[in-house]
Amino acid sequence: MPRVFMGTAPIPLIMTRPVEANTRFVAQLPTSLSKRLKVIESPLVEIVPESADFEIGPGEAVIFTSANGVQHAPDGQGRQAFCVGQRTREAACAAGWDGAFCGQTADALVSSVLAAAPAVRLWHLAGRHTRGQIAERLTAGGLQVTRVTVYDQALRPLTAQAKSLLKQGKTVIVPIFSPRTATQFVQEYPAGARPHIVALSDAVAAPMGQLGCASLEVAPAPDAQAVVKCLEKLVARISLG
């Protein structure tokens, strides 16, 4: 017997990234998918600028591990930028940097920069909370690297609307994009919740392994498009009952 479509009510999609990142992600959703979802904004992290006293010389280069770093950096003026992720590279180029894509992870970036062996000072312009020990590993590899905190990732609680939806134990989808956000989601997780969670990577999924959620899936690659593909498959599965 063929499987029967179970209805057309939009599925709540709780977006936990900072507001601008949520907006960019939702804009990437195909129309066929966005029609099946009801976006609920509940940022668990807020990007807060931090003052930092530094000056990048004319021949020096930077490392960006997120578009947030680009946003809180000075203009590029044609200087080199080593970037994690295509989105970060695109943001860097738009801000006047000569952006180079160095893979999707901190490990890939470290390998790429060590292979390039730039003979100039490097500045890692990053958030207060980082992973991968990029500056330390590059310095150990013989490069001159200075890490500068240009923004903070302040934790925020789930909104009342998001928490209420989760408490009801109904079908809800929650994409999670960072280990720190995952840990905050676990702290905020209400009794009775049974969401379907899509994690950006195994490291993101790790803190949520014991939540007892309806499902926990890991994107096949650590990028937004891979998360979108996971969402498409998940929504199709939910809709077919």
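Within the model, atoms CE of M208 and CD1 of I176 stand 5.0 Å from one another, a figure rounded to the nearest 0.5 Å. Atom SG of C213 sits about 8.0 Å away from atom CZ of F185, to the nearest 0.5 Å. Note: T183 OG1 to L155 CG = 9.0 Å, rounded to the nearest 0.5 Å. Atom-to-atom distance recorded for T171:OG1 and I11:CD1 is 7.0 Å, nearest 0.5 angstrom. In this structure, CG in L143 is found 12.5 Å from CZ in R137, a value given to the nearest 0.5 Å. In this structure, N22 CG and I14 CD1 are separated by 11.5 Å, a value rounded to the nearest 0.5 Å.
Enclosure of atom NZ in K229 is not indicated, since only 12 or fewer non-hydrogen atoms of other residues, nucleotides or ligands lie within 6.0 angstrom. Atom CZ of R131 has 12 or fewer heavy atoms from other residues, nucleotides or ligands within 6.0 Å. By the 6.0 Å contact criterion, CD on Q168 is enclosed, its count of non-hydrogen atoms from other residues, nucleotides or ligands being greater than 12.
When all heavy atoms of A126 and T130 are compared, the closest pair comes out as CB-CG2, 3.7 Å. For the residue pair L37 and P10, the shortest heavy atom distance occurs at C-CB, 3.9 Å. Of all heavy-atom pairs between V148 and A52, the closest is CG1-CB, 3.6 Å. Residues P157 and S42 share a closest heavy-atom pair of O-OG, 4.4 Å. In terms of heavy-atom proximity, R194 sits nearest to G169 at CB-O, 4.0 Å. Across all their heavy atoms, P12 and I40 have their closest contact at CB-CG1, 4.3 Å.
Side-chain contact between V198 and V174 is absent, with no heavy-atom pair separated by less than 4.5 Å. Side-chain contact between I197 and E217 is absent, with no heavy atoms from C-beta onward closer than 4.5 Å. At least one side-chain heavy atom of E20 sits under 4.5 Å from a side-chain heavy atom of Q71. Side-chain contact check for P74 versus I56: some heavy-atom pair is nearer than 4.5 Å. The shortest distance between side-chain heavy atoms of E232 and P30 falls below 4.5 Å. Residues V110 and Q133 form no side-chain contact, since every pair of their non-hydrogen atoms from C-beta on lies 4.5 Å or further apart. In this structure, Y151 and L125 have side chains that are not in contact, with every pair of non-hydrogen atoms separated by 4.5 Å or more. Side chains of L200 and S178 form no contact here, defined as non-hydrogen atoms less than 4.5 Å apart.
Under the 30°/60° scheme for interplanar angles, the aromatic rings of F54 and W123 are found to be tilted.
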Practice prompt. For side chain to side chain contact (heavy atoms under 4.5 Å, CB included), just list the numbers for V45 and R17, CA-CA rounded to whole Å, side-chain angles, deciding distance to a tenth of an Å, and then say yes or no.
Written response: CA-CA 6 Å; V45 173; R17 302 178 87 186; over 6 Å; no
Practice prompt. Any chance you could lay out the side chain to side chain contact (heavy atoms under 4.5 Å, CB included) test for Q80 and V120, step after step, and finish with the verdict?
Written response: CA-CA 10 Å; Q80 176 122 38; V120 298; over 6 Å; no
Practice prompt. Dump the intermediate steps for side chain to side chain contact (heavy atoms under 4.5 Å, CB included) on V84 and I63, then the final yes or no.
Written response: CA-CA 8 Å; V84 171; I63 295 168; 6.0 Å; no
Worksheet item: Does the pair L231 and L13 meet the rule for a side chain to side chain contact (heavy atoms under 4.5 Å, CB included), with working shown?
Response: CA-CA 10 Å; L231 288 176; L13 178 75; 4.1 Å; yes
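Residues T149 and R147 have side chains that bring a donor and an acceptor to within less than 3.5 angstrom of each other. T146 and H124 are not linked by any side-chain donor-acceptor pair at a separation below 3.5 angstrom, with hydrogens and angles left out of the test.
Judged by distance alone, with hydrogens and angles left aside, the side-chain atoms of S239 form a donor-acceptor pair with the main-chain N or O of V235 at under 3.5 Å. When atom types are taken as modelled, the side chain of D75 and the backbone of Q77 share no donor-acceptor pair closer than 3.5 angstrom. Here the side chain of E46 pairs no donor or acceptor atom with the backbone of P18 at under 3.5 angstrom. The backbone N or O of R156 sits less than 3.5 Å from a side-chain atom of Q184, completing a donor-acceptor pair. With hydrogens and angles disregarded, no donor-acceptor distance shorter than 3.5 Å links the side chain of S112 to the backbone of A108. Of the possible donor and acceptor atoms, one in the side chain of Q153 sits under 3.5 Å from a partner among the backbone N and O of R128.
Comment: R79 does not engage E60 in a salt bridge, judged by the lack of any side-chain N to carboxylate O separation of less than 4.0 angstrom.
Cation-pi geometry between R89 and F101 is not met at under 6.0 angstrom from the ring centre and within 45 degrees of the axis.
Hydrophobic clustering (ILVMFWY, side-chain heavy atoms < 4.5 Å, transitive): V150 and L109 are in distinct clusters. In the hydrophobic clustering of this structure, I47 does not group with F177; members are Ile, Leu, Val, Met, Phe, Trp, Tyr whose side-chain heavy atoms approach within less than 4.5 Å, directly or through other members. V228 and V218 end up in different hydrophobic clusters when Ile, Leu, Val, Met, Phe, Trp and Tyr side chains are linked at under 4.5 Å. In terms of hydrophobic clustering, with Ile, Leu, Val, Met, Phe, Trp and Tyr side chains grouped at heavy-atom distances under 4.5 Å, W97 and I134 are assigned to different clusters.
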